[in-house]
Amino acid sequence: MQRITASGESTMAADLPASTSALSNRYEPGESSQSLLSRRGSSLYNSSRFLQVDDTGVYLTSLAITVLITATVTILILLFTLIITLSILLASCQSKPDVVVKQGSSALDRVDVCRSFALNFELNNLRGNDVFPNTCEEYVFHYMRSGQYENDVKETIRAAESYWSSLIPNADGFDAVLMEIDETALSNVPYYNSFQLRSQLRNESAWNHWIEQAKAPALTDTLKLYQKLQTSGLALIFLSRRHENQRSSTVKNLLLAGYSGWKMLIMRPEDDLQTDVQTFKSKQRLYLESLGFRIQGALGDQWSDISGPAVGNFTFKMPNPLYHII
């Protein structure tokens, strides 16, 4: 049967099968396609085995969800543990002191041994120990070549200059400052470099040859102090542990390095070499006082340079990790 609608369109009602009519009766008027999809999803997938993630039709089993959550939690725990571990390691590195450890030795036995030795070395607590132990070679290398030695020299000279530059010497020229030569006015580091800074390898023949060459450079800060004190009117006296037979080479070296105009250069006579250095220097200082000199202070790299009688009001110790002379 043909039905004519109000718009003029025709439909075939009689030819529709009965099943179609029955199906149409199942839907309520106004029911949306979304409602139908919801009902379909509810009827087919609403069970404990599946979970709809979004409307695009992505579904995960409960087992997959469990695995995903477990993996996520595990990763978070590992990241947290890693952060804590790195924080502890960083704090440990920042708080750990510098340690010189020689290969093949125990770290526990070597912790700051050389640093402690150096401190007692400079404080003159190691009587009879004239050189650093072989196990501290690395410490000496680092100290001498890292710039720390130069910085320590500079600070010593700065302290000496601060005091001596404030002195007003008498016009008679008898206010005196005493200075050692080796490792105070002149540096023998180039010589020790030939022995890898191992002063224990020094021998008299090689040492005498080095002095004869007159190649020791000036310690720059000491030279500047020397020149400044010279213009102030202080008498500058070199009191050296070098032997008298090395005088000509020593004078040549001092002049080449920039020193001049010293008041006296006192060296050890050949018949006095059996006397220890401190006794020799003490006798010479007392002799200077007997001549009328007023010793205002002394500068040297060994305690024998600045201890004993007649050393003046202020003395200044230069750093020297290479050897110790008593």
Side-chain angles (χ1 to χ4, degrees), residues 87-163 179-203 207 216-217 219-222 225 241 276-278 297-308 311 314-326:
S87 300
I88 294 174
L89 289 175
L90 180 60
S92 176
C93 291
Q94 290 176 340
S95 62
K96 185 177 180 180
D98 292 335
V99 178
V100 179
V101 180
K102 187 176 178 62
Q103 290 183 351
S105 62
S106 170
L108 293 177
D109 293 338
R110 300 280 299 124
V111 174
D112 279 347
V113 169
C114 295
R115 192 185 300 275
S116 297
F117 188 95
L119 175 62
N120 285 277
F121 193 85
E122 291 295 340
L123 292 176
N124 201 31
N125 293 336
L126 303 176
R127 305 299 175 89
N129 294 279
D130 58 350
V131 295
F132 261 66
N134 293 339
T135 53
C136 291
E137 290 173 3
E138 294 160 2
Y139 175 87
V140 176
F141 286 156
H142 179 74
Y143 177 75
M144 296 298 294
R145 295 173 177 174
S146 66
Q148 188 60 53
Y149 171 70
E150 288 81 0
N151 289 338
D152 290 346
V153 168
K154 188 180 296 293
E155 284 303 304
T156 301
I157 297 301
R158 185 193 60 79
E161 180 180 357
S162 177
Y163 171 70
M179 287 188 182
E180 175 54 68
I181 293 178
D182 295 309
E183 275 58 70
T184 301
L186 301 177
S187 172
N188 296 301
V189 170
Y191 165 78
Y192 287 105
N193 276 336
S194 64
F195 294 103
Q196 295 298 308
L197 296 175
R198 300 175 188 175
S199 58
Q200 64 269 23
L201 297 181
R202 187 183 78 174
N203 60 74
W207 174 247
L219 283 164
T220 305
D221 293 290
T222 305
L225 173 64
R241 52 184 174 265
D276 65 80
V277 175
Q278 183 166 333
L299 176 69
D301 64 302
Q302 302 292 323
W303 281 95
S304 55
D305 301 330
I306 60 174
S307 58
V311 293
F314 276 84
T315 60
F316 300 92
K317 170 73 169 61
M318 297 282 280
N320 181 0
L322 297 173
Y323 55 86
H324 186 203
I325 297 177
I326 58 175

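Heavy atoms only: backbone and side chains are in, while hydrogens, waters and symmetry mates are out.
Atom CG of Leu186 sits about 6.5 Å away from atom CD1 of Ile181, to the nearest 0.5 Å. Atom CG of residue Asp182 and atom CG of residue Leu219 lie 10.0 Å apart, to the nearest 0.5 angstrom. To the nearest 0.5 angstrom, Ile157 atom CD1 is 11.5 Å from Asp152 atom CG. One finds the OH atom of Tyr323 at 6.0 Å from the CD atom of Gln302 (value rounded to the nearest 0.5 Å). Distance OH/Tyr149 to NZ/Lys154: 12.5 Å, rounded to 0.5 Å. Met144 CE to Leu322 CG: the interatomic distance, rounded to the nearest 0.5 Å, is 4.5 Å.
Under a 4.0 Å N-O distance rule, the pair Arg158/Glu155 qualifies as a salt bridge. One finds no salt bridge joining Lys317 and Asp305 here, because no Lys/Arg side-chain nitrogen approaches an Asp/Glu carboxylate oxygen to under 4.0 Å.
Taking the six-membered ring where the residue is Trp, Tyr191 and Trp207 present perpendicular rings, their angle passing 60° and hence far from 30°.
The backbone N or O of Asn320 sits less than 3.5 Å from a side-chain atom of Glu122, completing a donor-acceptor pair. Looking at Ser187, its side chain never comes within 3.5 Å of a backbone N or O of Pro217 through a donor-acceptor pair. Within the 3.5 Å criterion, the main-chain N or O of Ala298 finds no donor-acceptor partner in the side chain of Glu180. Put simply, the side chain of Glu183 gets close to the backbone of Asn188: a donor and an acceptor are under 3.5 Å apart.
Contact between Ala160 and Leu225 at its shortest, heavy atoms only, is CB-CD2, 4.1 Å. For the pair Ile306 and Phe316, the tightest heavy-atom approach, listed with the atom from each and the gap, is CG2-O, 3.9 Å. Shown here for Ser304 and Val277, the closest heavy-atom pair between the two residues is OG-CG1, 3.6 Å. Of all heavy-atom pairs spanning Leu299 and Thr222, the tightest one is CD2-CG2, 4.3 Å.
Between Phe117 and Tyr139, the ring center distance fails the sub-6.0 Å criterion.
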